[in-house]
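Notes follow the structure.
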Amino acid sequence: MNESVMQKLVIQQARIAILLLGLLMIPAVAQAETFADLKPASPQPDAANLKPGLAVTYYGVKVDSIKELEENMGYMDGQLGEPIPMLNYQVGQGNVLTAKSNDMVGAIIKGFIKLEQPGRYVFMVHSNDGVWVSIGDRLIYEDPDVHADRFSDEIIVEISEPGWYPVHIKYFEKKNTATLELYWEAPGFGELDYVPAEVFSHTGE
């Protein structure tokens, strides 16, 4: 075997080795978690009392986790903020959500989401920093500590009874950048997009 053929074989083997190493380094895709027993609000809210968006209470806190936010809430009063129309906030270093502060903000967000068709809903959460999300009185996602922008895996929700479902979100931003976004793929829609403003409401209490 001449020298040029040997060189070609060595190069080919090296390329195969690099390809195999790359495949081994690709992380496994996490299996989406499925929730099938979420409960709609009971009784269902009176349409005459509903207001657009989600209610939010803000806390001026410097915390490193949702647990620390909850502990602070035990001995300090929050401040009612402007309702949040929809969860589509990736604000960089601007004000957090509808607060008038750009750092050290905790938020307790409550209201309802309308799941008007039975079937399979796929949610994804994009957050920075900590977040805790409950729908229908079930915790469906948490990433509770300080972190850079990060997406959840797919969260699958199987709905058998259409209607208004309670939403409860705990969120905090410590410093610098802030992100809180909620995406879905609803039955009958073919792609993931922001959960639209028209399916959120609160009672204004």
Side-chain angles (χ1 to χ4, degrees), residues 33 35 37-63 65-91 95-102 104-116 121-145 152 155 157 159 161-174 178-184 186 194-205:
E33 189 167 2
F35 299 87
D37 56 352
L38 279 66
K39 294 179 173 57
S42 181
Q44 286 282 285
D46 185 345
N49 296 329
L50 290 177
K51 299 180 180 180
L54 299 170
V56 58
T57 301
Y58 290 113
Y59 296 83
V61 290
K62 184 178 182 181
V63 297
S65 68
I66 292 295
K67 181 179 179 181
E68 288 184 12
L69 172 60
E70 293 169 340
E71 290 170 352
N72 277 266
M73 289 166 52
Y75 60 83
M76 66 186 300
D77 293 329
Q79 183 175 357
L80 196 64
E82 288 294 321
I84 295 173
M86 60 188 291
L87 296 169
N88 61 339
Y89 293 87
Q90 189 175 22
V91 298
N95 287 349
V96 178
L97 306 178
T98 60
K100 293 179 172 58
S101 301
N102 60 5
M104 295 182 289
V105 175
I108 303 301
I109 303 165
K110 292 185 177 182
F112 302 97
I113 182 171
K114 191 171 188 180
L115 306 178
E116 59 184 355
Y121 292 77
V122 180
F123 290 92
M124 289 186 74
V125 180
H126 187 200
S127 63
N128 171 358
D129 285 297
V131 67
W132 181 102
V133 181
S134 167
I135 297 179
D137 297 324
R138 278 291 308 275
L139 174 62
I140 65 166
Y141 179 70
E142 61 178 333
D143 191 353
D145 303 315
S152 68
I155 304 158
V157 172
I159 293 298
E161 184 178 347
W164 288 104
Y165 282 71
V167 174
H168 185 187
I169 298 171
K170 305 171 189 177
Y171 168 76
F172 76 90
E173 183 268 359
K174 185 176 181 181
T179 296
L180 182 58
E181 298 178 317
L182 183 62
Y183 297 83
W184 76 353
Y194 289 123
V195 179
E198 57 264 27
V199 304
F200 287 124
S201 69
H202 68 285
T203 58
E205 298 173 353

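What you see is a predicted model; the values in this text were computed from it and never measured.
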Validation: residues 49-59 side-chain donor-acceptor distances under 3.5 Å, sequence neighbours left out:
| from | atom 1 | to | atom 2 | distance (Å) |
| --- | --- | --- | --- | --- |
| Y58 | OH | T98 | N | 2.8 |
| Y58 | OH | T98 | OG1 | 2.6 |
| Y58 | OH | A99 | N | 3.2 |

Show me the side-chain donor-acceptor pairs of residues 131-138 shorter than 3.5 Å, one per line, residues at least two apart or across chains.
| from | atom 1 | to | atom 2 | distance (Å) |
| --- | --- | --- | --- | --- |
| S134 | OG | R138 | N | 3.4 |
| S134 | OG | R138 | O | 3.3 |
| R138 | NH1 | D37 | OD1 | 2.3 |
| R138 | NH1 | D37 | OD2 | 3.0 |

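The side-chain hydrogen bond (donor to acceptor under 3.5 Å, both in side chains) pairs that include a residue from residues 72-81 are N72-Y75, where partners are two or more places apart or lie in different chains.
Once rounded to the nearest 0.5 Å, the distance linking OH of Y194 with CD of E181 reads 3.5 Å. Remark: Y165 OH to K39 NZ distance equals 10.0 Å, nearest 0.5 Å. The distance from atom NZ of K174 to atom OG of S65, rounded to the nearest 0.5 Å, is 10.0 Å.
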*Would you check, one step at a time, whether the test side-chain contact (heavy atoms from CB on, under 4.5 Å) holds for V96 with Y171?*
CA-CA 10 Å; V96 178; Y171 168 76; 3.8 Å; yes

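Partners of E70 according to the salt bridge (Lys or Arg N to Asp or Glu O under 4.0 Å) rule, which considers only residues two or more places apart in sequence or in another chain, are K170. In this view, K110 satisfies the side-chain hydrogen bond (donor to acceptor under 3.5 Å, both in side chains) rule with no residue, not counting sequence neighbours. Checked against side-chain contact (heavy atoms from CB on, under 4.5 Å), N128 has the following partners two or more places apart in sequence or in another chain: D149, T177, T179. Scanning for side-chain contact (heavy atoms from CB on, under 4.5 Å) contacts around P144 gives I66, E142, with sequence neighbours left out. Under the rule for a side-chain contact (heavy atoms from CB on, under 4.5 Å), K100 has no partner lying at least two apart in sequence or in another chain. Residues forming a side-chain hydrogen bond (donor to acceptor under 3.5 Å, both in side chains) with E68 (at least two apart in sequence, or on another chain): none. Judged as a ring-ring contact (aromatic ring centres under 6.0 Å, His included), and not counting sequence neighbours, Y89 has no contacts. In this structure, the side-chain contact (heavy atoms from CB on, under 4.5 Å) partners of A41, at least two apart in sequence or on a different chain, are Q44, P45, F112, P166.
Smallest separation of non-hydrogen atoms from I155 and Y141: CD1-CB, 3.6 Å. V199 and V195 get closest at one heavy-atom pair: CG2-CG1, 3.4 Å. Contact detail for L87 and F200: the closest heavy-atom pair is N-CE1, 4.2 Å. Between Y183 and H126, the shortest heavy-atom contact is CE1-CB, 4.2 Å. The nearest pair of heavy atoms linking V63 to F172 is O-CE1, 3.4 Å.
I84 is not listed as a side-chain neighbour of L180, based on a closest heavy-atom distance of 4.5 Å or more. I108 places a side-chain heavy atom less than 4.5 Å from the side chain of L69. No side-chain heavy atom of Y121 sits under 4.5 Å from any side-chain heavy atom of I113.
Within a 6.0 Å radius of CE in M124, other residues, nucleotides and ligands contribute more than 12 heavy atoms.
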